[in-house]
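Only this structure's heavy atoms are used, side chains among them; waters, hydrogens and symmetry mates stay out. Predicted model only: the values in this text are computed from it and were never measured. A note on names: the letters A, B, ... follow the listed sequences, proteins ahead of strands, and every chain is numbered from 1.
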There are 2 protein chains.
Amino acid sequence: MGSKGEALRQRIITAADELFYQQGYENTSFSDIADAVGISRGNFYYHFKSKDEILIAVIDARITGIELMLNEWNKKFIDPRKRLYYYIDMPLRNQENICLHGCPVGSLCTELAKTNHAMLDDANKMFIVFHGWLVIQLNLLGVNKNVKKIAMQFIARVLGIVTVANAFKDKSFLKQEIKQLKKWLDDEVLEFCHQ
Amino acid sequence: MGSKGEALRQRIITAADELFYQQGYENTSFSDIADAVGISRGNFYYHFKSKDEILIAVIDARITGIELMLNEWNKKFIDPRKRLYYYIDMPLRNQENICLHGCPVGSLCTELAKTNHAMLDDANKMFIVFHGWLVIQLNLLGVNKNVKKIAMQFIARVLGIVTVANAFKDKSFLKQEIKQLKKWLDDEVLEFCHQ
DNA sequence: GTCTATATCGAGATAGAC
DNA sequence: GTCTATCTCGATATAGAC
């Protein structure tokens with residue numbers, strides 16, 4: 001539990017997080033992570049007993065990362081409508097990575113579902129965190145019918161757009177469809193909220 | 001080029017196709033395929049020089065399979081609107097597999113994008129085939145503005161729904177959102193087509 | 001805590017008998 | 001054409017020196 005070991009543990013998680021996103025979980029080896037951090041493969045096992053264990057740590061880090069990010073957004077924007085715009089624009093802000101590697105949450109869930117990995121139930125909690133936050137923003141805007149359903153539609157629509165943009169590596173499609181989604185939010189979801 | 005060898009080649013492709021869908025491409029070994037077909041690993045290499053080569057064959061088979069399927073649909077339904085309904089309902093007809101393994105096209109593209117595989121450009125042709133067919137149906141229904149764009153939105157929305165349903169293994173979400181999508185088709189896309 | 005060395009396994013791929 | 005036997009490599013994981 002020394003501070004040096006803890007710091008290294010964090011560096012391993014950060015490197016693994018990035019590599020899992022860029023290359024996928026199964027496709028990323030201990031060597032890849034060890035090289036990225038600059039340690040030996042053997043040292044790795046002092047901090048994590050298995051590859052699954054680092055996946056757990058990465059998912060955990062991502063969840064708290066998302067929670068921190070959403071708290072920042074809450075501080076940055078008082079208007080819930082602007083928060084929702086900022087959510088929708090997220091893929092545009094990360095458009096390079098989105099086109100190269102897809103959705104960090106969705107692509108991991110897709111991989112874990114494919115390999116029948118037990119951690120799928122923890123991975124999709126990342127979606128749940130976004131969902132809970134979306135529900136709150138919609139409630140604040142006076143949307144009180146089908147809020148949970150609408151929040152899931154948000155997530156599904158963004159994910160669909162991002163996944164297609166990734167498959168075709170098409171930045172312009174991403175831009176165009178995110179714009180369309182904003183229109184949907186204004187015209188369909190928040191039709192009766194003119195605050 | 002003997003008929004027996006050709007038949008076995010087809011059986012290998014069929015088995016690989018199914019396993020790639022269920023387990024993913026990288027996660028499926030030659031042993032898996034050989035076991036499924038009931039041949040030895042060595043025999044495998046008489047028919048395919050490498051694992052990539054069978055991926056090519058599988059994608060090729062899937063594309064012609066999709067084309068055949070869409071031709072069947074064209075024969076089965078004269079009304080293009082009913083064809084579009086049938087397209088939208090596809091995930092419901094395959095709901096068990098969808099929840100277990102996701103979208104056969106989308107999940108493969110996501111994996112190939114992640115591993116930077118050269119075959120991604122061929123895999124997303126599966127989407128293109130669907131897209132071309134959707135454009136034709138929309139044209140037949142008198143939609144003449146943004147047809148290509150709308151057809152891609154179709155694909156992206158279905159893919160988003162399917163990917164979320166797969167991540168949560170949630171059949172009821174799938175049903176509910178497909179229903180919603182049908183409403184979107186009627187109210188937004190075909191609003192002015194009352195044939 | 002971090003390292004090197006090594007065990008073990010399963011993968012893709014090849015050689016050659018039949 | 002199909003098989004068995006084998007090669008090679010890279011992966012996860014362990015043992016033990018420092």
Given C:dG12, C:dA13, D:dA13, the nucleotide with the shortest approach to the side chain of B:Ser50: C:dA13
Length of the OH-P vector between A:Tyr25 and D:dT12, whole Å: 9 Å
Length of the NZ-C1' vector between B:Lys51 and C:dA11, whole Å: 8 Å
Between C1' of C:dG1 and CD1 of A:Ile12, the distance in whole Å: 11 Å
For DNA chain C, the residues among residues 34-44 of chain A that have a non-hydrogen atom under 4.0 Å from it: A:Ile39, A:Ser40, A:Gly42, A:Asn43
Aromatic plane relationship, A:Phe44 with A:Phe30 - under 30° parallel, 30 to 60° tilted, over 60° perpendicular: tilted
B:Tyr86 and B:Trp73 aromatic ring geometry - parallel, tilted or perpendicular at 30°/60° bounds: perpendicular
Protein-nucleotide distance (A:Ile54, atom CD1; D:dT12, atom C1'), rounded to Å: 13 Å
Sugar-phosphate, base or nothing in reach of A:Phe30, heavy atoms under 4.0 Å: sugar-phosphate
Helical bend (five base pairs per end, nearest 10°) for the helix from C:dG1-D:dC18 to C:dC18-D:dG1: 10°
d(CG, A:Asp52; P, D:dA11) in whole Å: 17 Å
Interatomic distance where CD belongs to B:Gln23 and C1' belongs to C:dA11 [whole Å]: 14 Å
d(OH, A:Tyr46; P, D:dA13) in whole Å: 19 Å
Interatomic distance, B:His47 NE2 vs C:dA13 C1' [rounded to whole Å]: 16 Å
